[in-house]
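Worth knowing before you read on, the calculation uses all heavy atoms, side chains too, and leaves out hydrogens, waters and symmetry mates.
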Amino acid sequence: MPSSIDHIIERLGGADNAARLTGVGTEAIRKWRQAGAVPPKHWTVILRHTGLSLSDLQPDSVPPDKAYDGPETQMTERQVPASPPAAIPTGATAALVLADGTILWGRGFGAHTPATGAAIGELCFSTGMTGYQETLTDPSFAGQIITFTFPHIGNVGTNAADDEAARVAARGLVVKQDLTEPANWRATQDLDGWLKARNVPGICGVDTRAITLRIRDGGPQTAILAYPADGAFDLDALRAQAAAWPGLEGMDLARDVTCAKAYGWDEGVWTWPGDTLPLPLKRRRVVAVDYGAKRNILRCLANAGCDVTVVPATATAEEILALDPAGVFLSNGPGDPAATAEYAVPAIRGVLEAGKPVFGICLGHQLLAQALGARTYKLARGHRGANQPVKDLGTGKVEITSQNHGFAVDESSLPEDVRVTHSSLFDGSNEGIASTRYAAFSVQYHPEASPGPSDSHYLFDRFVALIDRTNQPA
């Protein structure tokens, strides 16, 4: 008689310990429960730690659409049951196909998806009420389809100054209402035309509240956004592709969005009505490692008094130190930090051992934590939006922050020489750390905002102050 998944997880010491023993994230444990089966590759570990027998792990039967064949949730096309052709609702020109087989019909906009494929990624939601253009061009959204919970998308149009990167990293967007026509003096193009020019599809007319509740309660899942020019949908093929996509765990996406070569940055923060703030006379040489850096981060560094050189994510410690920086900044970025850590952590450790002050945000925060000896894990829901409350444990102040991340630092894994500095008031997850051994600190959120509040801009000044203290003559 096979054991229930809950019983197996309980014998492993709970979901967190089960994830640690099997080397997966807690999201994978949730998917075990959802599928009613444990992938065979983990059976050896489970048998070793639980005393269960092989028959306890072999389910009597597993539904074909939940069958495992390799990595968690990876299903081949032959394992997805065929379904009768679905009638396309009147007026529907696009479909959002979820990995669990759900199909949401709507109206397409932006770029058509190619006949041989569609936009595939992890479906997430963002609660930001402003800045859809900045959100779409944030490289941290690589590999994701964004559901905007705010209904008025398109109302300010688009313009070149609000791009946070040279291209759109998100794979598609989902909105409830038809795109609003632009009504802003800065607009130079409407959102629909802007998306077409960047080959990004979208879908409207779907229930974004239902999508948000589904993700909130059940965690993120893969989705495909299909907007074919000929209106033909191969739903079985789309479901099979969604079911087979492995998810963001284990994906190194920083390589996909980083710069190709090093470059300098000397532009300040934008200010009304259309100019940038002047830069300070005193400038400290700072190397910014680009794991998916937003332009407003570089602007904030420049206005804080940094002479910024941006280097690719794969830059080694030797390459960074050859630029003789007074400090090193670790940027935001997409993907699984554990995957990016394979090449990023050795470089960060080399910089730390050289005595260089380090400041990291978002993915840079997670990578610094790993370089200091901690672990990261995948959040059940992720934090995405510009209204995230964070408490500074040192001052007791609460900041409203801009965030975009699906992974977090495991506080229980932090070594004794690393202290927690910030905490999320939503779910208590880690939002900041500081080393007592090295001149290094980091936060999980985006202090540069764009979009979002400016509550956390002081962190760039804190980094500059750390640089000045560290580089004072003995």
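- Two residues are said to be in side-chain contact when any heavy atoms from C-beta on lie closer than 4.5 Å; Thr113 and Ile224 fail this criterion.
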- [ ] With side-chain contact (heavy atoms from CB on, under 4.5 Å) as the test, would you mind laying out the steps for Trp105 and Ile88 before giving the verdict?
- [x] CA-CA 8 Å; Trp105 294 99; Ile88 301 176; 3.7 Å; yes
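- To the nearest 0.5 angstrom, Leu301 atom CG is 13.0 Å from Glu267 atom CD.
- In this structure, a donor-acceptor pair under 3.5 Å is present between the side chains of Thr340 and Asp252.
- Counting only N and O atoms by type, the side chains of His383 and Asp427 include a donor and acceptor under 3.5 Å apart.
- The closest side-chain heavy-atom distance from Gln144 to Leu248 is below 4.5 Å.
- Between Tyr291 and Leu367, the closest side-chain pair of non-hydrogen atoms falls below 4.5 Å.
- With hydrogens and angles disregarded, no donor-acceptor distance shorter than 3.5 Å links the side chain of Lys378 to the backbone of Asp336.
- Contact between Leu393 and Ser423 at its shortest, heavy atoms only, is CD2-CB, 4.3 Å.
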| Do Thr421 and Phe441 pass the side-chain contact (heavy atoms from CB on, under 4.5 Å) test, and can you show the C-alpha distance, the side-chain angles, and the key distance before you say yes or no? | CA-CA 9 Å; Thr421 60; Phe441 72 100; over 6 Å; no
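- No more than 12 heavy-atom neighbours from other residues, nucleotides or ligands sit within 6.0 angstrom of CG on Asn199.
- Ring pair Phe359/Phe329 is perpendicular by interplanar angle, where above 60° counts as perpendicular and below 30° as parallel.
- Within the 4.5 Å cutoff, side-chain heavy atoms of Ile320 are placed close to those of Val289.
- Within the model, atoms CG of Leu279 and CG of Asn303 stand 5.5 Å from one another, a figure rounded to the nearest 0.5 Å.
- Judged purely by atom type and a 3.5 angstrom limit, Asn296 has no side-chain atom pairing as donor or acceptor with the backbone of Ser450.
- No side-chain heavy atom of Val311 sits under 4.5 Å from any side-chain heavy atom of Glu319.
- Put simply, the side chain of Asp190 gets close to the backbone of Gly193: a donor and an acceptor are under 3.5 Å apart.
- Atom NE2 of His152 and atom CG of Leu179 lie 13.0 Å apart (nearest 0.5 Å).
- Contact check on Asp162 versus Arg186 returns a salt bridge, with a Lys/Arg side-chain nitrogen under 4.0 Å from an Asp/Glu carboxylate oxygen.
- The only option from Gln403, Lys391, His422, Gln388 that meets the side-chain hydrogen bond (donor to acceptor under 3.5 Å, both in side chains) definition with Glu431 turns out to be Gln403.
- Here side-chain hydrogen bond (donor to acceptor under 3.5 Å, both in side chains) pairs that include residues 347-368, with residues two or more places apart or in two chains, are Glu353-Tyr438, His365-Asn430, His365-Ser442, Gln366-Gln444.
- Although no hydrogens or angles enter the test, the distance criterion places no donor-acceptor pair under 3.5 Å between the side chain of Thr258 and the main chain of Pro312.
- Looking at every heavy atom in both residues, Val257 comes nearest to Ala169 through CG1-CB, 4.4 Å.
- Summarising the geometry of Pro415 relative to Gly373, their closest heavy-atom pair is CD-C, 4.3 Å, with the distance given to 0.1 Å.
- Inspection of the Asn387 and Thr127 side chains reveals an N or O donor paired with an N or O acceptor under 3.5 Å.
- At distances below 3.5 Å, not a single donor-acceptor pair connects side-chain atoms of Asn155 with backbone N or O atoms of Ala183.
- Pro447 and Ser456 get closest at one heavy-atom pair: CB-O, 3.3 Å.
- Annotation: cation-pi geometry not satisfied between Arg381 and Phe426 (NZ/CZ under 6.0 angstrom from ring centroid, within 45° of ring axis).
- Ionic pairing of Asp100 and Arg214 is present here: one or more N-O contacts between side-chain nitrogen and carboxylate oxygen are shorter than 4.0 angstrom.
- For the side-chain hydrogen bond (donor to acceptor under 3.5 Å, both in side chains) with Arg284, the qualifying choice from Asn471, Asp468, Asp307 is Asp468, the only one to do so.
- The residue from Arg167, Glu164, Arg198 that alone fulfils the side-chain contact (heavy atoms from CB on, under 4.5 Å) condition with Thr137 is Glu164.
- Centroid-to-centroid, the aromatic rings of Tyr132 and Trp194 stay 6.0 Å apart or farther.
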Just do the side-chain contact (heavy atoms from CB on, under 4.5 Å) check on Thr147 and Leu123 with the steps written out, would you?
CA-CA 7 Å; Thr147 302; Leu123 184 64; 3.5 Å; yes
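- Rounding to the nearest 0.5 angstrom, the gap separating the CD atom in Glu134 from the CG atom in Leu136 is 9.5 Å.
- The two residues Asp178 and Cys204 come nearest to each other via the heavy atoms OD1-SG, 3.1 Å.
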Self-check item: Stepwise side-chain contact (heavy atoms from CB on, under 4.5 Å) test for Val464 and Lys282
Solution: CA-CA 11 Å; Val464 169; Lys282 183 178 180 181; over 6 Å; no
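- Exactly one residue among Val174, Thr208, Thr135 makes a side-chain contact (heavy atoms from CB on, under 4.5 Å) with Phe148. That residue is Thr135.
- Taking CG of Leu368 as the reference point, atom CG of Leu363 lies at 11.0 Å (rounded to 0.5 Å).
- Taking 4.5 Å as the limit, every side-chain heavy atom of Asp207 sits out of range of all side-chain heavy atoms of Leu104.
- Atom NE2 of His446 sits about 13.0 Å away from atom CG of Leu459, to the nearest 0.5 Å.
- Other residues, nucleotides and ligands place no more than 12 heavy atoms under 6.0 Å from the CE atom of Met129.
- A side-chain hydrogen bond (donor to acceptor under 3.5 Å, both in side chains) check over residues 367-376, counting only residues at least two apart or in different chains, returns the pairs Gln370-Thr376, Arg375-Asp410.
- Taking the side chain as every heavy atom from C-beta outward, Cys300 and Phe463 never approach each other to under 4.5 Å.
- Separation of the Phe407 and His405 ring centroids does not fall under the 6.0 Å cut-off.
- Across all their heavy atoms, Cys362 and Ser140 have their closest contact at SG-OG, 4.4 Å.
- With contacts defined as side-chain heavy-atom distances shorter than 4.5 Å, the pair Arg171/Leu225 does not qualify.
- Under the 4.0 Å criterion applied to side-chain N and carboxylate O atoms, Glu249 and Arg30 are not assigned as salt-bridge partners.
- A donor-acceptor pair under 3.5 Å links the side-chain atoms of Thr149 to the main chain of Ser126, judged by distance alone.
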